[in-house]
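Below: the structure, in structure tokens.
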Amino acid sequence: MNKKTTLLLLGILIALVAAYFAFFHKWNGPDNEFHITDANAIGKIEIEKMELNVSKTKLTLAMDTAKVWTVNGQYFASEPKIKDFLTTLMEIRVLQPVEPKGQATALSLLKRNHLRVRIWDRDGNTLKDYLIGATNSAQTANIFKMGFSDKCYLVSKPALDGYVSIYYSTEILDWREKAVWNVQGKDLVGVTVTYTPDSAQQSYSLQKNGSEWMLDGLKAEPNRAGAYLELFQGKVFAESFADAGYPGLLDSLLQSPPAAHIQLKTKDAKETDLLLFVRPDNVNSFFGYLKGPKPELMTVQHFVIDRFLKVHNYFMAAPATL
């Protein structure tokens, strides 16, 4: 066998080995570089969006002293959303390092545009600090890099049809819980529902007086009042936040009285003040305006809210029969 033939065969062998590693052999490197092993240890997550080296948005998810997740310390976070995200943080895996010839390009792209993700445990110790960049051409993985490293990897989530950066949103509305209220009947001391117009005198005000409930100053029928209070089982959710979808609508709505006005007061003096407006474009829901320090315009579905909209006579004792 001459030298030329030997070199040719060696080249074919190298190509076959390369093909094997590219198509058949799963990379067995440090695939635990970025994932979290125990989601229960996480106490705080910060996600910052950088574009052309300028910070555009920053979002913080944190567990408060009551072990409830909040968004930017102002709003309750959606429990299903947080659960899904924490699962993702545990499931992401390195597919492979970025090819050596592509490392410089990946680093350059990351420096200009990236998401910076910082994760701390409940004691304030840093668990992870990494950057997320562009997707690969197949849009099945993202470029990841540890904050202290110059080496880039392709990272994905097993069984995910898409890329993982979609989980790391910096938009507040993507994380917020769409709660209208979070009230238990046992904690209520007052419920007032006012209808407009009220020609049939359907509005009512229930106020707790000792162990009894009073209906507009008179004793309410105990069983009816009790059944009504049982409806308050904690969180009641809106369908959506409506400010973005209906810009300028609130000012128009407030020019006329609401169809219904619900006011709740609890033992700890917390109040919920909700105005419900008819939606001409959708008979299945109301526009709901939640008043307070952080007012919200929402859409609230009838099947969710209508059970709390009784009428005055519902709470009165049935007349005696002969």
Side-chain angles (χ1 to χ4, degrees), residues 66 68 76 177-239 242 249-280 282-322:
V68 175
F76 291 120
E177 185 176 58
K178 301 180 181 72
V180 180
W181 65 61
N182 182 9
V183 176
Q184 298 278 348
K186 62 182 178 60
D187 297 323
L188 281 166
V189 295
V191 181
T192 299
V193 176
T194 307
Y195 298 104
T196 307
D198 192 18
S199 57
Q201 296 184 326
Q202 294 178 328
S203 301
Y204 55 91
S205 179
L206 291 169
Q207 302 297 324
K208 195 168 188 181
N209 183 14
S211 61
E212 296 182 335
W213 281 91
M214 309 301 291
L215 173 66
D216 297 323
L218 301 175
K219 185 178 177 180
E221 203 285 315
N223 292 329
R224 290 294 183 89
Y228 182 62
L229 295 169
E230 283 293 321
L231 296 175
F232 293 86
Q233 293 289 329
K235 293 177 182 177
V236 168
F237 294 100
E239 177 186 22
L249 174 66
L250 180 58
D251 290 338
S252 174
L253 288 176
L254 294 179
Q255 297 302 311
S256 58
H261 183 183
I262 302 176
Q263 296 167 287
L264 309 177
K265 187 173 181 178
T266 54
K267 295 175 184 176
D268 56 4
K270 291 182 180 178
E271 297 184 6
T272 300
D273 200 343
L274 176 68
L275 305 179
L276 297 172
F277 297 88
V278 173
R279 287 187 66 183
N282 189 335
V283 297
N284 295 314
S285 65
F286 288 108
F287 282 118
Y289 174 55
L290 191 62
K291 300 170 69 176
K294 294 176 287 207
E296 297 285 358
L297 181 63
M298 304 171 164
T299 60
V300 185
Q301 293 173 299
H302 278 284
F303 83 89
V304 171
I305 204 70
D306 282 0
R307 65 183 183 272
F308 302 103
L309 299 174
K310 302 300 184 184
V311 296
H312 187 277
N313 288 346
Y314 173 85
F315 301 99
M316 297 174 62
T321 58
L322 298 176

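Computed from a prediction, not measured in an experiment: that's the story for all the values here.
In this structure, Glu239 CD and Phe286 CZ are separated by 12.5 Å, a value rounded to the nearest 0.5 Å. Note: Thr196 OG1 to His261 NE2 = 9.5 Å, rounded to the nearest 0.5 Å. Considering CG of Leu264 and CD of Glu271, their distance stands at 9.5 Å, rounded to 0.5 Å. The line from OG1 of Thr299 to CZ of Phe287 is 7.5 Å long, rounded to the nearest 0.5 Å. If you take CZ on Arg224 and CG on Leu229, they are separated by 13.5 Å, rounding to the nearest 0.5 Å.
With contacts defined as side-chain heavy-atom distances shorter than 4.5 Å, the pair Leu253/Leu297 qualifies. You'll find the side chain of Val304 stays beyond 4.5 Å of the side chain of Phe237, heavy atoms only. For the pair Leu276/Leu309, a side-chain contact is recorded, criterion being any heavy-atom separation below 4.5 Å from C-beta on.
Residue pairs meeting the side-chain hydrogen bond (donor to acceptor under 3.5 Å, both in side chains) criterion with at least one partner in residues 182-191, sequence neighbours excluded, are absent. Among residues at least two apart or in separate chains, there is no side-chain hydrogen bond (donor to acceptor under 3.5 Å, both in side chains) pair with a member in residues 286-295.
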**CA sep, side-chain torsions, deciding dist, call: Asp306, Gln301, side chain to side chain contact (heavy atoms under 4.5 Å, CB included)** = CA-CA 8 Å; Asp306 282 0; Gln301 293 173 299; over 6 Å; no
**Request:** Using the side chain to side chain contact (heavy atoms under 4.5 Å, CB included) rule, take Gln207 and Thr192 through it: C-alpha gap first, then chi angles, then the decisive distance, then the call.
**Result:** CA-CA 8 Å; Gln207 302 297 324; Thr192 299; 3.6 Å; yes
**Candidate pair Ile262 and Ile305, rule side chain to side chain contact (heavy atoms under 4.5 Å, CB included), full reasoning** = CA-CA 10 Å; Ile262 302 176; Ile305 204 70; 4.2 Å; yes
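In this view, Thr272 satisfies the side chain to side chain donor-acceptor pair (under 3.5 Å) rule with no residue, not counting sequence neighbours. For the side chain to side chain donor-acceptor pair (under 3.5 Å) test, no residue two or more places apart in sequence or in another chain qualifies with Gln202. The side-chain contact (heavy atoms from CB on, under 4.5 Å) search around Val278 returns Ala259, not counting sequence neighbours. Residues that satisfy the side chain to side chain donor-acceptor pair (under 3.5 Å) test with Lys235, not counting sequence neighbours, are Glu79, Glu177. Under the side-chain contact (heavy atoms from CB on, under 4.5 Å) criterion, Lys310 pairs with Tyr204, Tyr228, Leu231, Tyr314, Phe315, not counting sequence neighbours. In this view, Ala238 and Lys178, Val180, Met298, Val300 satisfy the side-chain contact (heavy atoms from CB on, under 4.5 Å) rule, not counting sequence neighbours. The ring-ring contact (aromatic ring centres under 6.0 Å, His included) search around Phe277 returns none, not counting sequence neighbours. The side-chain contact (heavy atoms from CB on, under 4.5 Å) test applied to Asn313 returns Met316, not counting sequence neighbours. The side chain to side chain donor-acceptor pair (under 3.5 Å) test applied to Asp251 returns no partner, not counting sequence neighbours.
A perpendicular orientation is assigned to the rings of Trp181 and Phe308, their planes being inclined by more than 60° (bins at 30° and 60°).
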Identify every side-chain donor-acceptor pair in residues 208-218 under 3.5 Å, counting partners at least two apart or on other chains, and give the distances.
{"from": "Glu212", "atom 1": "OE2", "to": "Lys219", "atom 2": "NZ", "distance (Å)": "3.4"}
{"from": "Asp216", "atom 1": "OD1", "to": "Ser205", "atom 2": "N", "distance (Å)": "3.1"}
{"from": "Asp216", "atom 1": "OD2", "to": "His312", "atom 2": "NE2", "distance (Å)": "2.8"}

